[in-house]
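First up is the structure itself, then whatever we jot down about it.
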Amino acid sequence: MTKVVQTTKSFEQKLLKRVDTTGTVWLGLSLACAKCHTHKYDPVTIDEYYQLYSFFNQSEDNDHNDDRPLQRFPTDWQKKKLAEISKSLKHLTEQREKKFKTATIQESYSKWREQEKDKWNHGTITSLHTTSGVQLIQNKNRITAEKHADSEDTYKIDLRLPAKSYKALKLATFPLEHLPSKGSSFDKEGLYLLSYLQIKKNGKVIKLKKHHSYLQENRSNPQKILSAHESKISGWALKRFNANKKNLLVIEFEDKLKVSKDDQITVELVHNSNFHKKKIASFEIAFSQGQDSPKKTLEKFTKNPKQLFFDESKEFKGLSQKIAKLEKDKKQNLGSLTPIMKDLPTAKHRKNFIHESGFFLNVGKGVSPATPEFLHSMKKDWPKNRLGFAKWLISKENPLTAKVAANRIWAQIFGRGIVETEEDFGNQGLMPSHPELIDWLAMEYMNNGWSQKKLLKTIFLSDTYQQSSKVTAETLQKDRFNIYLARGPRFRMTAEMIRDSSLKAAGLLSSKMYGNSVMPYQPPGLWMSTYNSMKWQTSKGEDKYRRGIYTYLKRTSPYPTMTAFDAPSRELCTARRIRSNTPLQSLITMNDPVFVEAAQGFARRVILSSKNDTNRIQFAYQTALGRKADATEVQAISSLYKERLEYYKTFPEEATNMAEKPLGKVPANIQKPQAAAWTAACNVILNLDEFLTKE
């Protein structure tokens with residue numbers, strides 16, 4: 001058997017998951033078995049599995065430790081805004097350039113350039129050596145490592161400085177064309193991690209006070225650069241996506257570094273991390289007497305002289321501020337940076353093979369992109385890539401995709417698909433309860449241009465959907481689980497819907513769309529990050545009330561409230577959630593800070609809706625349940641409210657906790673015992689089965 005390594009293990013896993021997910025989502029087939037052997041139940045061979053795999057094996061995202069390739073997708077509103085900003089920028093920039101070309105300004109610019117010459121002293125290098133034996137090569141002030149050492153390494157630079165007092169040191173790194181990613185290190189991504197930096201005068205270590213950096217990776221704890229430490233993953237690192245950019249580190253001394261004529265200064269760059277290739281490859285070192293502040297040094301390093309002149313000179317300050325504001329607005333309207341799947345150029349296409357027993361190192365015979373034989377064939381004029389595969393998926397000759405999609409929509413509405421096993425339409429899945437109906441829905445879906453709105457409208461307006469969900473003895477006997485749709489749908493809402501419905505009733509739910517994930521309340525100490533310094537920081541303002549789909553999910557620590565209500569961890573494609581009923585769910589909706597806060601917000605709405613308690617109860621029922629309360633319900637809630645009101649009047653501290661934690665102080669026109677008592681009543685309403693159930 002030929003041993004050919006085409007991909008790394010992690011990239012191989014990505015590709016396999018894409019094939020498996022595609023099978024589940026679009027075809028309702030459990031393809032995963034066929035990655036190791038021909039499927040035992042469905043007509044999919046191992047050859048066909050890797051033929052499908054071949055469609056995905058030309059993507060550009062090969063084993064990066066990030067989400068590349070990325071693309072920005074501005075909304076229509078942002079596109080319009082960007083056009084306006086670009087027009088204004090062009091006008092102001094042309095105006096500034098015209099002014100810059102005048103003789104008076106050119107003379108001022110020449111004088112300014114003379115004053116702003118680099119005030120940093122590079123000194124005279126007397127020796128260069130490394131602990132690994134790797135050679136350091138000097139070219140003027142630039143120092144370049146010949147190669148990387150497969151071990152820890154320390155660069156030692158001995159130099160002489162003019163006899164003066166120095167306040168700071170700067171270390172500049174530079175990318176090299178011949179290195180991976182055209183970066184500043186030997187690492188495949190061109191990124192480096194400098195464990196720490198030491199400065200010695202005649203062998204004595206100089207204490208360092210503060211660091212300032214341009215493109216630093218904060219997750220690697222750059223503060224560690226200031227002293228020796230044992231950590232193998234901390235230090236000064238180049239920020240991701242910036243491998244081909246020069247970088248700058250400025251370090252201030254705790255006390256002035258006083259240098260005499262014969263003093264020897266040694267600078268040591270210590271690389272003792274676990275990542276042996278992440279070593280700086282090209283750099284410069286210089287010392288400052290303090291004429292320029294670290295901020296000024298960074299500005300000189302990152303901006304060209306002309307831009308710096310525009311920012312500082314009185315003649316251009318107003319114009320530059322306007323341009324800077326427009327540039328900031330432009331950046332904010334570029335749209336979300338989204339990971340995309342981008343194919344490699346034809347010349348760089350990978351070869352595709354069967355992986356015997358599913359192991360990526362066991363390479364078998366070669367295969368080409370193709371679809372399973374038991375389904376329809378690809379048209380000859382369709383390209384053998386992901387575009388052609390997409391056309392094959394949604395072609396009229398392939399009703400399977402439409403059936404799977406229509407069935408999933410039906411399941412969202414009725415709580416159960418026509419084919420209950422939404423993820424498996426194969427031989428191991430359940431047969432459809434209404435075969436003709438799912439065929440008809442699939443054709444309607446395709447013939448209406450795959451419009452979900454039209455399909456939803458068709459279902460919602462049907463007599464089947466508009467039936468009462470009330471269970472009678474007759475329907476219970478004939479159709480216990482409502483498989484044959486003897487009554488309307490009735491089932492518990494999903495985790496996200498329950499949370500959102502509670503916040504909506506409270507008037508707290510944010511309608512904000514798009515943007516980054518948010519972190520609502522969760523128990524302290526539950527969410528801990530092993531590999532970086534990230535912490536669960538409860539979002540501020542309306543962000544903590546955003547819809548459940550925006551909640552930050554971590555693979556190893558999913559959001560506990562949603563997990564209790566059967567939300568998956570999202571590690572794998574989950575086509576169907578299995579609903580459960582446990583006591584823990586009740587404890588969450590009664591005691592979780594999110595739901596307590598929702599009850600507090602709801603209580604305040606109820607109090608302000610009327611001055612009459614009966615009217616308030618009717619408002620609460622109408623808001624939460626969409627109907628009026630009957631006399632028995634009014635009596636029950638009224639009794640609960642009055643009993644709680646007397647209790648909280650007796651115990652004002654508990655009233656404060658119940659009324660204000662965590663939502664905050666009650667309005668001035670609401671009394672705390674009143675707010676606390678209504679919070680208890682509203683909490684009951686938000687825990688009614690009728691509120692938590694779709695029917």
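Under the 3.5 Å distance criterion, the side-chain polar atoms of Thr266 are left unmatched by any main-chain donor or acceptor of Ile199. With His271 contributing its side chain and Ile280 its backbone, the two residues share a donor-acceptor pair below 3.5 Å. Listed for the Ser86 side chain is no donor-acceptor partner under 3.5 Å among the backbone atoms of Ala83. Of the possible polar contacts, one joining the Ser539 side chain to the Met519 backbone as a donor-acceptor pair under 3.5 Å is found.
Sorted by first and then second residue, the side chain to side chain donor-acceptor pair (under 3.5 Å) pairs involving residues 243-253 (not counting sequence neighbours) are Tyr192-Asn247, His212-Glu252, Asn242-Lys245. Screening residues 77-90 for salt bridge (Lys or Arg N to Asp or Glu O under 4.0 Å) gives no qualifying pairs among residues at least two apart or on separate chains. Within the structure, the salt bridge (Lys or Arg N to Asp or Glu O under 4.0 Å) test picks out the following pairs touching residues 329-340 (sequence neighbours left out): Lys325-Asp329. Residue pairs satisfying the salt bridge (Lys or Arg N to Asp or Glu O under 4.0 Å) criterion with at least one member in residues 198-212, sequence neighbours excluded, are listed as follows: Lys200-Glu268. Applying the salt bridge (Lys or Arg N to Asp or Glu O under 4.0 Å) test to residues at least two apart or on different chains, none of the pairs has a partner in residues 516-525.
Taking the side chain to side chain donor-acceptor pair (under 3.5 Å) definition, one finds that Ser557 meets it with nothing, sequence neighbours left out. Under the rule for a side-chain contact (heavy atoms from CB on, under 4.5 Å), the partners of Asn202 that lie at least two apart in sequence or sit in another chain are Asp263, Gln264. Taking the salt bridge (Lys or Arg N to Asp or Glu O under 4.0 Å) definition, one finds that Asp592 meets it with nothing, sequence neighbours left out. In this structure, Lys322 has no salt bridge (Lys or Arg N to Asp or Glu O under 4.0 Å) partners at least two apart in sequence or on a different chain. Lys348 pairs by the salt bridge (Lys or Arg N to Asp or Glu O under 4.0 Å) definition with nothing, not counting sequence neighbours. Under the salt bridge (Lys or Arg N to Asp or Glu O under 4.0 Å) criterion, Glu94 pairs with no residue at all, not counting sequence neighbours.
Between Trp536 and Tyr559, the angle of the ring planes stays under 30°, which puts this pair in the parallel group of the 30/60° scheme.
No donor-acceptor contact under 3.5 angstrom links the side chains of Gln135 and His129, judged on distance only. Using modelled atom types and a 3.5 Å distance limit, the side chains of Thr126 and Asp158 yield no donor-acceptor pair. There is no side-chain donor-acceptor pair under 3.5 Å between Gln78 and Asp76.
The number of heavy atoms from other shown groups lying within 6.0 Å of CZ (Arg160) is above 12. Within a 6.0 Å radius of NZ in Lys99, other residues, nucleotides and ligands contribute more than 12 heavy atoms. For CD of Glu97, the number of neighbouring non-hydrogen atoms (other residues, nucleotides, ligands) closer than 6.0 Å is greater than 12. Remark: Lys232 NZ is packed, more than 12 non-hydrogen atoms of other residues, nucleotides or ligands lying under 6.0 Å away.
Aromatic ring centres of Tyr53 and His355 lie closer together than 6.0 Å.
Judged by a 6.0 Å distance limit and a 45° cone about the ring axis, Arg142 is positioned over the six-membered ring of Phe174. The side-chain tip of Arg546 points at the ring of Tyr550 from less than 6.0 angstrom away and within 45° of straight on.
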**Q.** Test log, rule salt bridge (charged side-chain N to carboxylate O under 4.0 Å, His left out), inputs Arg240 and Glu189
**A.** CA-CA 9 Å; Arg240 294 189 181 280; Glu189 293 182 315; 3.5 Å; yes
Q: Evaluate salt bridge (charged side-chain N to carboxylate O under 4.0 Å, His left out) for Asp150 paired with Lys277, printing each intermediate quantity in order.
A: CA-CA 7 Å; Asp150 289 319; Lys277 288 189 178 181; over 6 Å; no
Donor-acceptor contacts under 3.5 Å from residues 307-316 side chains, at least two apart:
residue : atom : partner : partner atom : Å
Gln307  : NE2  : Asp311  : OD1          : 3.2
Asp311  : OD2  : Lys303  : NZ           : 2.7
Glu312  : OE1  : Trp112  : NE1          : 3.3
Glu312  : OE1  : Lys296  : NZ           : 3.0
Glu312  : OE2  : Lys296  : NZ           : 2.2
Ser313  : OG   : Phe309  : O            : 2.9

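Among the candidates Ile157, Ile206, Val259, Ile285, the single residue satisfying the side-chain contact (heavy atoms from CB on, under 4.5 Å) test with Ile265 is Val259.
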